[in-house]
Protein chains: 4
Amino acid sequence: MSTKDTWILAAQCPSRLGTVDVVTRFLKESRCYITELNSFDDRLNCRFFIRVEFRPEEDGFDSEVFQAEFAARAMEFDMSFELTPPGRRLPVVIMVSKADHCLNDLLYRYRTGQLPIDVRAVISNHPDLEPLAAWHGIPYHHCPITAQTKPQQEAEVWRIIQEAGAELVILARYMQVLSPEMSERLSGWAINIHHSLLPGFKGAKPYHQAYEKGVKLVGATAHYINDDLDEGPIITQRVEPVDHSYYPEDMVAKGQDVECLTLARAIGYHVERRVFLHARRTVVFARS
Amino acid sequence: MSTKDTWILAAQCPSRLGTVDVVTRFLKESRCYITELNSFDDRLNCRFFIRVEFRPEEDGFDSEVFQAEFAARAMEFDMSFELTPPGRRLPVVIMVSKADHCLNDLLYRYRTGQLPIDVRAVISNHPDLEPLAAWHGIPYHHCPITAQTKPQQEAEVWRIIQEAGAELVILARYMQVLSPEMSERLSGWAINIHHSLLPGFKGAKPYHQAYEKGVKLVGATAHYINDDLDEGPIITQRVEPVDHSYYPEDMVAKGQDVECLTLARAIGYHVERRVFLHARRTVVFARS
Amino acid sequence: MSTKDTWILAAQCPSRLGTVDVVTRFLKESRCYITELNSFDDRLNCRFFIRVEFRPEEDGFDSEVFQAEFAARAMEFDMSFELTPPGRRLPVVIMVSKADHCLNDLLYRYRTGQLPIDVRAVISNHPDLEPLAAWHGIPYHHCPITAQTKPQQEAEVWRIIQEAGAELVILARYMQVLSPEMSERLSGWAINIHHSLLPGFKGAKPYHQAYEKGVKLVGATAHYINDDLDEGPIITQRVEPVDHSYYPEDMVAKGQDVECLTLARAIGYHVERRVFLHARRTVVFARS
Amino acid sequence: MSTKDTWILAAQCPSRLGTVDVVTRFLKESRCYITELNSFDDRLNCRFFIRVEFRPEEDGFDSEVFQAEFAARAMEFDMSFELTPPGRRLPVVIMVSKADHCLNDLLYRYRTGQLPIDVRAVISNHPDLEPLAAWHGIPYHHCPITAQTKPQQEAEVWRIIQEAGAELVILARYMQVLSPEMSERLSGWAINIHHSLLPGFKGAKPYHQAYEKGVKLVGATAHYINDDLDEGPIITQRVEPVDHSYYPEDMVAKGQDVECLTLARAIGYHVERRVFLHARRTVVFARS
């Protein structure tokens, strides 16, 4: 993920003649030079998606004015859009349990700026990973949970997320099933990493399930949370080969790298506005 | 797959001290030089597997005598084994329907000797692929099938397989569900290619299922036929990335290459005696 | 590679404000709906590239008129462009020597329409592959070559290419070094497959070179021919893992699959107008 | 990499009848059960390699006695060998400059036990990474270097390596060329990560070289240090795809993940005694 000096405009709307033109003409008239553009029309869902990177040709680009003026034109097309300034770091909250591989990886990418995120807080139902967060200077919230205290715990988690001003919640191996209410609240702006190639091996202990079936590939899936557990819209997936010498615990160990990479890539796509959600699917203008 | 001048000894038995020694000592005493050896002990299933490539040091190696003498020692360990001479081409029968990509690929590898198989016959429930088989000089049997004629058709297919002296049956996109009886007959010595990452997307139209779920990887699975449809022991699996621009028919097209490669690789492993079946799993001493 | 009902417009020009707009505005005004668009600005070379798939909204689309009118606007931007109708099959000539794996693969993809090409002729300096071409009903030209007859042979080859009306020449393991004159003639519209990861292992016997160096990956490179032998602009590359058990002849065998796939993919990109040449580099709007 | 309860015996010698037998017979007689065995005979170099994982069947296994007795038999075959106890953590010293991605990755794998190494010290020619080492409780030695002080600096580095009792030196992006003397001292027991697919792009700024050539894959190579700079025996290599949108600085960023994974994998293979060095090549009994 490079840190570029370009603005990003991401938009979607129903398919209709002129969807690209309404965006590109406005950019031209605003004297913005397009450095990269990707658009896609989903003909089965009659939905249009566009992502543009651009650079104002002149000083004094006023994003407020830009947005106000573009909104007027977008309205005609029932187009929703989002404008992201160069170098913006998205405020995020990371949720974990005890496993630290994804957290370690994300905090490294955060610290070095490889992922343009601003980690506002780490939340866990266990105290174990506090030192790791502390070393990176990030507030750590221990929110233990039991079947009885789940509603209160989730209320507390929700309060932290809101106070942190998070625009993205990352479930980096948070081993709790969210309540329908919490899933609803986070729907579309929380990314979960699941340690299987969904929809295969949903639920608990996917590597053990995989071992039982004798599969020769294990994988990980990064997806948005929605109301359907382990069935949220998929952002990206990766695999690693395994052979007969991999017992379930070996698969668990091997899976860590692929989980880290898959989650980091999905977050990168999200913060670079490469991911579009519509119905239960994603459009991802990925980079090879 | 190289054409080597080495013999292959493949064996398995229950785990017990001396399992390797009973093989390697005999080879030494028979003045056979081991060029490659792989053994694995499955500690969860208490089962031992070994594959040896060797070269007799002297002329006049008598495989009959070798087998008879080794059998005596193997018996003690309840060890089953198989000896394969160098350059042997396994007699096979290939079953297809209308799709020709796997057949075309296999016949190319057969013709050039890349796969050491001897294709004795092609069987299909459709007449379409006859010219392809004919160009390679292979008998083509058109065995049409309906719900009513299934028993008779399978009897005919079975007759052809037997008359051909096939030691391996390859289901190269044969789009018919085998009866339990036929599955039983072919159990463990017929390889099927399924166009999904089993156990995900079992059954019909797996690419359409995959599209519905919005997956970002599609794959193929080569597995042995057994009594459990689409659940036979997996030999190998491969994947290819797909993105939002892949409609189901694009996935079908893209999947062809991965199906061909997956099936060819599984057959290669099988004929080189790299695959061991035990319970519902395989041990595969694969080559990278 | 899907067979779509969309037109393709591919263009490039120097970087300048309005490069996207000049294309998209014209399409809007011509009542053409853009189903997919990719543009990229190479800031180091100050060069702009765009590829659009579109569908006329109304019957009676006149491509002659379209091109004439667009040319007028493109001129202002010093923009070169190419318009490709849906379902067009690019006329090609394939050049081979004795190895048949790439030819077999390409003719399969041609016959099934997987690659939208029209194979007008196969040219070889050996007679061996005539039956393969014949089975597909393609004229086969045997043009033997020696050091002495090289000029005459290349003149003959050039005549065949021209008479065939080829718009793309495919060197599918044609094991002859082209003369500077021939390279010049084919520059930018002939694709070669080299069996190494260029620029590593240029020249002859790359797998043997790779073996000597003990590499753990072998690969193939599809590139355009230009005046610099084995240094033409790279279109795509693929790798396969190898290990210590691979002697040079095993690498040769293993490399065949990766050569076929790499070449087929490059051709697919070329005929779908996904590849842009500028200076000594390519921009490829690849599909995952 | 799993933490197993098995011993590892790794050996090599000239090819000769009985090489496997001398190992396996001794293990049988010592009442050791072989859980995994791989052997390979390099017919071009007439060299035999074997790696065995085994478990003593009875308590009281005496490794001193085992080694002494086996040495007697091995001598006949001119066989060198190494015995590694279960759970052993190899003492290592890590050398770095300013880039921290590999160090961060290795210390994570060290801390969690994923890599069975005991990091005794970190040495750097810069002070920057001291806090990272400190957080993991590892001594950090800042050894600045100039052209004038190189001999003294290397002497100091050598002293630290020796005092630490290191059995493996890891050059985790140590951006200094070692002197011939230092290379000689570390030959065969120091692993370097180079950020290209060697032998391509040797020397400085390989990603910039790769950009110039317009390659579509970038990679990393983990290799043993020897007297030939960037030409030491290769242990493992990995690649990642790149496209036209990757400027050199993007390749540098993308390359970090592949460098980390390649180096970690090579170290894992080394400590698990999967790597054998002979002449200028390696035999690696890798795990898929």
Side-chain angles (χ1 to χ4, degrees), chain A residues 2 4-6 9 11 13-58 73 76-77 236-238 240-241 265 269 274 282-288, chain C residues 2 4-6 9 11 13-58 73 76-77 236-238 240-241 265 269 274 282-288:
Chain A
S2 69
K4 294 178 173 175
D5 63 344
T6 42
L9 179 66
C13 65
S15 302
R16 199 186 115 193
L17 184 66
T19 45
V20 175
D21 180 66
V22 73
V23 174
T24 51
R25 189 181 298 221
F26 181 77
L27 285 163
K28 164 79 185 310
E29 291 171 5
S30 306
R31 299 197 56 77
C32 293
Y33 186 69
I34 296 173
T35 58
E36 216 171 312
L37 187 159
N38 295 286
S39 81
F40 175 70
D41 182 78
D42 180 342
R43 71 163 194 263
L44 295 187
N45 293 291
C46 297
R47 191 86 188 164
F48 167 80
F49 307 89
I50 188 168
R51 178 184 185 274
V52 190
E53 295 189 14
F54 67 90
R55 199 168 41 223
E57 289 276 287
E58 277 133 45
R73 301 201 190 180
E76 278 182 71
F77 284 81
T236 189
Q237 301 183 296
R238 283 175 82 100
E240 282 289 322
R265 178 158 292 191
Y269 288 160
R274 295 180 181 278
T282 61
V283 167
V284 185
F285 293 122
R287 223 177 158 194
S288 85
Chain C
S2 70
K4 294 178 173 174
D5 63 346
T6 42
L9 179 65
C13 66
S15 302
R16 198 187 115 193
L17 185 65
T19 46
V20 174
D21 181 67
V22 73
V23 174
T24 52
R25 189 180 298 220
F26 181 76
L27 285 164
K28 164 79 183 312
E29 291 171 6
S30 306
R31 299 198 57 77
C32 293
Y33 186 69
I34 296 173
T35 57
E36 215 170 312
L37 188 159
N38 295 285
S39 82
F40 174 70
D41 182 78
D42 180 341
R43 71 164 195 263
L44 295 187
N45 293 292
C46 297
R47 191 85 188 164
F48 167 80
F49 307 88
I50 188 167
R51 179 185 184 275
V52 190
E53 294 189 14
F54 66 90
R55 200 168 41 223
E57 289 276 287
E58 277 134 45
R73 300 201 190 180
E76 278 182 71
F77 285 80
T236 189
Q237 300 183 297
R238 284 175 81 101
E240 281 290 322
R265 177 159 293 190
Y269 289 160
R274 295 181 180 276
T282 61
V283 166
V284 185
F285 293 122
R287 226 178 155 193
S288 83

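The sequence lines fix the lettering, A, B, ..., with proteins before strands; numbering per chain opens at 1. Remember, it's a predicted structure, so these values are computed and weren't measured experimentally.
In this structure, A:Ile34 CD1 and C:Ser15 OG are separated by 12.5 Å, a value rounded to the nearest 0.5 Å.
Side chains of A:Arg25 and C:Thr24 form no contact here, defined as non-hydrogen atoms less than 4.5 Å apart. Residues A:Leu37 and C:Asn38 form no side-chain contact, since every pair of their non-hydrogen atoms from C-beta on lies 4.5 Å or further apart.
The contact list for residues 39-48 of chain A toward chain C, using heavy atoms and a distance under 4.5 Å, reads A:Ser39, A:Phe40, A:Asp41, A:Phe48 by residue number.
Residues forming a ring-ring contact (aromatic ring centres under 6.0 Å, His included) with A:Phe285 (at least two apart in sequence, or on another chain): A:Phe276, B:His244. Taking the ring-ring contact (aromatic ring centres under 6.0 Å, His included) definition, one finds that A:Tyr33 meets it with nothing, sequence neighbours left out. Annotation: salt bridge (Lys or Arg N to Asp or Glu O under 4.0 Å) contacts of A:Glu29 (sequence neighbours excluded): A:Arg73.
Contact of C:Arg31 with chain A is made through backbone and side chain together, with heavy-atom distances under 4.5 Å. Looking at A:Glu57, the atoms closer than 4.5 Å to chain C (heavy atoms on both sides) all sit in the side chain, from C-beta outward.
Remark: of the listed residues C:Thr19, C:Asp21, C:Val20, C:Asp21 is the sole one forming a side-chain contact (heavy atoms from CB on, under 4.5 Å) with A:Lys28.
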